[in-house]
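Structure record follows, encoded as structure tokens.
This structure is a prediction, so every number in the text was calculated from the model and none was measured.
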Amino acid sequence: MNSLEYALFDAAYSISVDTSQYNAGDRIYLPDTPVLANKKITGLFVFGLALQEPNTQDPDGNVITNSNIGQFYLTLVDKENVDFISNVPLFYFMYGGRQIPINKELVLPNCYLIKQSTAATQNIFITFFYSTTDQKDVAEVNPLALKIQSMSTPVESSSFNRYYLSDNRILVDKKFKNIYSNISTGQVNSPDGNVIVSPMNTFLTLIHGSDIVLYRLPVLYLSQWNSPFRLRMNNIQADLPTSYIELSQNVAQSVGNKTVFLNFEYTD
């Protein structure tokens, strides 16, 4: 799959991998993450752009900038203990780059990173996209049936760093095909005039019932202004009042009064 059009997915989950205690050449095994066990992983993204950017933090305060990410290599191991992806430069898994198909269940504690420089990035922020349904039976939606509804979520300086989405009645019980954010660089204002927090510093968690559908999905990935790049959500549903935004920890402490602006593409 060399296209920038991503594979269908039902959910996504992000983890942060601390690489600071490892020496050059060491294997850095991925953490055992129960929510991803026995899931068909359709693909993954590593946080960052194919350009240098400032030291961006995740919601816990870990620096996850992509500086020196080219020093890392990723090996993925499936349930048959086969390393079907072996020492692929991590750069190829970055947002906006070439999409490498996975489409397998992984044994995460057997998967690992190798870094070749002690000066490399300390934390690697990885988002796994996965499927919970038989996607062969999923039909594409008629584009004429799609609708888009916008939502602004106010944020302010806070140590709590959790901002719940609005109870938008139009989006109740709707099936999301995609979610869009604004562009990733420069100051942009929402339609009501409020400054929008940069997608680089914004993370989205969607909850449906007792299930986490999206966990700390970087809103950067929703900035799909580059027309060949498109995420493909497989009829995702969410209870918006229990879903929330988090900001980079350092940004949450000093953000002032701004907003996170999203557009939800859905069908009835």
- I15 side chain near V17 side chain, heavy-atom distance below 4.5 Å: yes

- Query: Sub-3.5 Å donor-acceptor pair from the side chain of S198 to the main-chain atoms of M200, do we have one?
  - Reply: yes

- Message: If we count only N and O atoms by modelled type, under 3.5 Å, do the side chains of S248 and N250 hold a donor and an acceptor together?
- Response: no

- Hey, is the main chain of V213 close enough, under 3.5 Å, to the side chain of D211 for a donor-acceptor pair? no

- Test N38 against K79 for side chain to side chain donor-acceptor pair (under 3.5 Å), laying out the working first. CA-CA 9 Å; N38 302 313; K79 296 187 73 172; 3.1 Å; yes

- Message: Testing the basics here: between S223 and N182, what is the closest heavy-atom pair and its distance to 0.1 Å?
- Response: OG-O, 2.9 Å

- Would a distance-only check, ignoring hydrogens and angles, find a side-chain to backbone donor-acceptor pair under 3.5 Å from T202 to V219? no

- side-chain contact (heavy atoms from CB on, under 4.5 Å) between L44 and L74, intermediate numbers included: CA-CA 11 Å; L44 65 85; L74 176 65; 4.1 Å; yes

- Would you please name every residue forming a side-chain contact (heavy atoms from CB on, under 4.5 Å) with V255, sequence neighbours left out? V155, S157, V197, L247, V251, K258

- Query: Less than 6.0 Å separating the ring centroids of F264 and Y180?
  - Reply: no

- Is any side-chain heavy atom of L222 less than 4.5 Å from a side-chain heavy atom of L262? yes

- Item | Check: Y112 ring centroid to Y29 ring centroid under 6.0 Å | yes

- Item | Any N62 side-chain heavy atom under 4.5 Å of Q57 side chain | no

- Query: With a cut-off of 6.0 Å (strictly less than), are more than 12 heavy atoms of other residues, nucleotides or ligands near CG of D192?
  - Reply: yes

- Query: Within the distance-only criterion (no hydrogens, no angle test), does the side chain of D83 pair as donor or acceptor with the backbone N or O of S86 below 3.5 angstrom?
  - Reply: no

- Item | Donor-acceptor under 3.5 Å (D78 side chain, N81 main chain) | yes

- Query: Does S20 offer a backbone N or O that forms a donor-acceptor pair with the side chain of D18 under 3.5 Å?
  - Reply: yes

- Y163 to S158 - nearest heavy-atom pair and separation: OH-CB, 3.8 Å

- Task: Test the K177-Y266 pair against the cation-pi criterion, namely NZ or CZ under 6.0 angstrom from the six-membered ring centroid and within 45° of the ring axis.
- Result: no

- Query: Is it true that a side-chain atom of D26 and a backbone atom of N23 form a donor plus acceptor pair closer than 3.5 Å?
  - Reply: yes

- Item | Residue pair F47 / L220, side-chain heavy-atom distance below 4.5 Å | yes

- Task: Using atom types as modelled and distance alone, determine if a side-chain donor or acceptor of T75 lies under 3.5 Å from a backbone N or O of C111.
- Result: no

- Message: For P199, is there any backbone N or O sitting under 3.5 Å from a side-chain donor or acceptor partner on S181?
- Response: no

- Do L90 and L113 touch side chain to side chain, with heavy atoms closer than 4.5 Å? yes

- Query: Are the aromatic rings of Y215 and Y13 close, with centres under 6.0 Å apart?
  - Reply: yes

- Query: I196 and F261: which non-hydrogen atoms are nearest, and at how many Å?
  - Reply: CD1-CB, 3.7 Å

- Decide yes or no for L146 and T267: does some side-chain heavy atom of the first lie under 4.5 Å from some side-chain heavy atom of the second? yes

- Item | Expected output: side-chain N178 to main-chain L231 donor-acceptor under 3.5 Å | yes

- So, for F9 and M233, which heavy atoms are closest and what is the spacing to 0.1 Å? CZ-CG, 3.6 Å

- Considering all heavy atoms, the nearest P34-D32 contact: CD-O, 3.5 Å

- Message: If you take the centroid of each ring, where Trp contributes its six-membered ring, are F45 and F93 closer together than 6.0 Å?
- Response: no

- Query: Do S14 and F125 have side chains that get closer than 4.5 Å, going by heavy atoms?
  - Reply: yes

- Task: Locate the shortest heavy-atom distance separating I212 from Y130; write the atom from each residue and the value.
- Result: O-OH, 4.2 Å

- Message: Quiz question: by atom type and distance under 3.5 Å, do the side chains of S131 and D10 form a donor-acceptor pair?
- Response: yes

- Item | V195 and T259, any side-chain heavy atoms less than 4.5 Å apart | no

- Message: I need the I245 CD1 to N201 CG distance, nearest 0.5 Å.
- Response: 12.0 Å

- Task: Carefully, step by step, assess T132 and K39 under the rule side-chain contact (heavy atoms from CB on, under 4.5 Å).
- Result: CA-CA 7 Å; T132 58; K39 299 295 194 306; 4.2 Å; yes

- Message: So, taking the atom named OG1 in T127 and the one named CZ in R216, what distance separates them when rounded to the nearest 0.5 Å?
- Response: 11.0 Å

